[in-house]
2 protein chains.
Amino acid sequence: MSKPSFEEGLLQYVEELKDESEMTEKQRNILRASIKLFAEKGFHASSTSEIAKEAGVAEGTIFRHYKSKKDILLAVVAPVLLKVAAPFILKDVREIFKEESKKPFTEVMTQLYRNRLELVTANEKHVRIMLQEAFFHDEIREALIASVFADVKEMARKLIEAKVDVGELRPLPTQAVFRAVLSSMIGLVLFRQVLDPDEFGNYSDEEQIALSVDILMNGIANRE
Amino acid sequence: MSKPSFEEGLLQYVEELKDESEMTEKQRNILRASIKLFAEKGFHASSTSEIAKEAGVAEGTIFRHYKSKKDILLAVVAPVLLKVAAPFILKDVREIFKEESKKPFTEVMTQLYRNRLELVTANEKHVRIMLQEAFFHDEIREALIASVFADVKEMARKLIEAKVDVGELRPLPTQAVFRAVLSSMIGLVLFRQVLDPDEFGNYSDEEQIALSVDILMNGIANRE
DNA sequence: ACAAAAAGCGAGTGATCACTCACTTTTACT
DNA sequence: AGTAAAAGTGAGTGATCACTCGCTTTTTGT
């Protein structure tokens with residue numbers, strides 16, 4: 001599992017801006033600067049004067065190309081989300097899901113949980129900022145759902161239905177199974193990072209993952 | 001299950017401010033106004049001039065009593081959280097958990113999920129603002145965890161351990177079971193309200209709850 | 001009753017913000 | 001080369017913000 005950072009992906013994308021479109025160099029600089037600052041400190045915390053400074057451009061130039069600050073955000077978020085964030089978030093998931101039929105579902109889940117825990121740990125700041133922005137701006141939330149959630153849902157759907165067909169999973173509504181999987185994963189991250197890091201530490205990450213997967217697969221009820 | 005709104009609780013608390021402490025009437029008005037505005041629009045969106053206006057007080061008076069705007073927040077949040085929000089959030093949970101030994105765990109969970117779904121639906125705005133503030137201010141997040149999460153965790157611990165003792169639940173680490181329960185609940189709410197409301201609507205709330213409880217109890221794996 | 005302290009006041013301060021506009025420079029087209 | 005359009009500029013605008021300060025009013029203790 002390779003580990004190119006989100007930052008690298010961003011920088012690379014920013015360089016690629018050079019080749020395409022009929023943008024002025026200055027306009028590209030504005031986008032570059034905005035991407036950098038928004039990713040670093042979020043939208044609200046980045047002022048237009050900062051963006052201008054970072055871009056080496058007069059503040060008036062910004063508003064020559066974008067009619068408002070929010071306009072920059074929208075111009076920046078869609079392509080970045082689609083070309084950098086979504087691929088970055090989904091890359092490993094796609095690999096893990098690829099060999100669906102070979103591995104037992106339990107193993108796929110274990111790998112997935114381990115991988116997601118790593119991803120969130122390594123990119124805590126960016127995750128935080130993304131959630132924050134998704135919280136505030138409907139457009140970003142919807143774009144995130146459309147570009148990331150929709151994909152992962154489709155991938156999961158295929159895997160889950162295949163596993164139901166071979167009798168490895170119960171024939172429940174796919175949507176409910178997907179929800180259970182994602183909920184369990186979100187809960188794992190949430191408990192470790194936010195809600196209860198102390199008690200979480202009573203077991204190693206591997207043990208916690210094993211517990212989560214065990215419960216996801218077999219439930220918490222005792223079978224008489 | 002009674003339904004006093006969060007708003008009512010807030011207003012009642014605000015009235016009770018009258019009786020206690022050595023506060024000036026104006027100072028109480030400032031707290032009242034702050035509580036109202038913060039609950040309505042959040043901390044950042046409420047300006048000190050607004051608070052002053054709402055409180056019927058000069059802006060200078062605010063800073064006579066509180067050395068900064070954040071100071072008001074901290075003075076307001078701890079007691080409100082402890083005396084209004086936490087009881088409000090936990091009230092029904094406590095009732096549902098009360099008759100622990102009588103009802104099967106499945107039934108308790110079903111009631112709990114149903115109740116939480118109702119609570120979030122009926123108080124969407126306040127939930128949103130609380131999460132938003134918890135996101136931004138470490139102090140609030142920690143206060144929420146200490147006053148709400150800690151309580152619910154303790155209540156759940158007792159119930160879970162009792163149910164493990166009578167053989168209704170598997171002898172897993174309590175903490176992992178609690179995480180599974182809470183994750184499933186958060187997931188239910190998250191999918192319905194944010195992530196996938198369309199597909200969620202394919203089943204009724206009751207059906208979705210039943211599915212979540214079923215999976216929580218029995219897992220998603222097929223038992224050969 | 002009187003003075004000191006506390007409470008209250010509101011115009012004012014300086015900072016920052018997104019955004020504008022009159023103007024200059026560069027680019028593109030003929 | 002000449003010109004019109006596009007790009008770029010930066011001082012300026014008005015709004016808003018949290019917060020201050022010199023002053024007046026009210027409360028308190030004796």
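To find a chain, count down the sequence lines: A is the first, B the second, and so on, and within it residues start at 1.
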With sugar-phosphate taken as primed atoms, P, OP1 and OP2 and all else as base, the protein-contact string of nucleotides 5-11 of chain C at under 4.0 Å (heavy atoms; B, S, -) is --BBBB-

Exercise. Please check if any side-chain donor atom of A:T121 sits under 3.5 Å from a side-chain acceptor atom of A:E118, or the reverse.
Key: no

Testing the 3.5 Å rule here: is there a donor-acceptor pair between the side chains of A:H126 and A:E7? yes

Check: Between A:F136 and B:F135, is the ring centre distance below 6.0 Å?
Finding: no

Item to check | Donor-acceptor under 3.5 Å (B:E207 side chain, B:S204 main chain) | outcome: yes

Salt bridge (charged side-chain N to carboxylate O under 4.0 Å, His left out) for B:K53 and B:E59? Distances and angles first, verdict last. CA-CA 8 Å; B:K53 202 188 200 177; B:E59 213 170 333; over 6 Å; no

Requested in this report: Using a strict cut-off of less than 4.0 Å between a Lys/Arg side-chain nitrogen and an Asp/Glu carboxylate oxygen, indicate whether B:K36 and B:E50 qualify as a salt bridge.
Outcome: no

Does A:K69 count as lying over the ring of A:F43, i.e. NZ or CZ under 6.0 Å from the six-ring centre, within 45 degrees of the axis?
yes

- Note: B:R128-B:E124 ion pair, threshold 4.0 Å (strictly below): no

Polar side-chain atom of B:T24 near backbone of B:Q27 as donor-acceptor pair, under 3.5 Å: no

Outer limits of DNA chain D sitting under 4.0 Å from a non-hydrogen atom of chain B, read 5' to 3', are D:dC17 to D:dG22

Within residues 42-52 of chain B, those residues having any heavy atom closer than 4.0 Å to DNA chain D are B:S46, B:S47, B:T48

* Just do the salt bridge (charged side-chain N to carboxylate O under 4.0 Å, His left out) check on A:E95 and A:K98 with the steps written out, would you? => CA-CA 5 Å; A:E95 280 181 32; A:K98 190 159 279 171; over 6 Å; no

